[in-house]
Amino acid sequence: MIMKEDIEIPIEHQKIVLSRIGKSKTSPKRMLDWDEVSDEVIKYK
């Protein structure tokens, strides 16, 4: 499980995520290649 079900995500955070999803759908080239960046992301987890 990635996150607990009882955690409430603030509306402002939800809006940020939805905005980023919209931007990535409009311009997919702005997305980073997961295979290239995943090691860095996991390092800071």
Residues Val17, Arg20; criterion side chain to side chain contact (heavy atoms under 4.5 Å, CB included); working and verdict: CA-CA 5 Å; Val17 171; Arg20 291 178 179 169; 5.8 Å; no
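- A pairwise comparison of heavy atoms in Arg30 and Lys23 identifies CD-O, 3.4 Å as the closest pair.
- Every residue two or more places apart in sequence or in another chain was checked for a salt bridge (Lys or Arg N to Asp or Glu O under 4.0 Å) with Lys25, and none qualifies.
- Checked against side-chain contact (heavy atoms from CB on, under 4.5 Å), Asp33 has the following partners two or more places apart in sequence or in another chain: Asp35, Glu36.
- Leu32 meets the side-chain contact (heavy atoms from CB on, under 4.5 Å) test with Val37; sequence neighbours excluded.
- Under the salt bridge (Lys or Arg N to Asp or Glu O under 4.0 Å) criterion, the residue pairs touching residues 7-18 are Glu12-Lys15, with sequence neighbours excluded.
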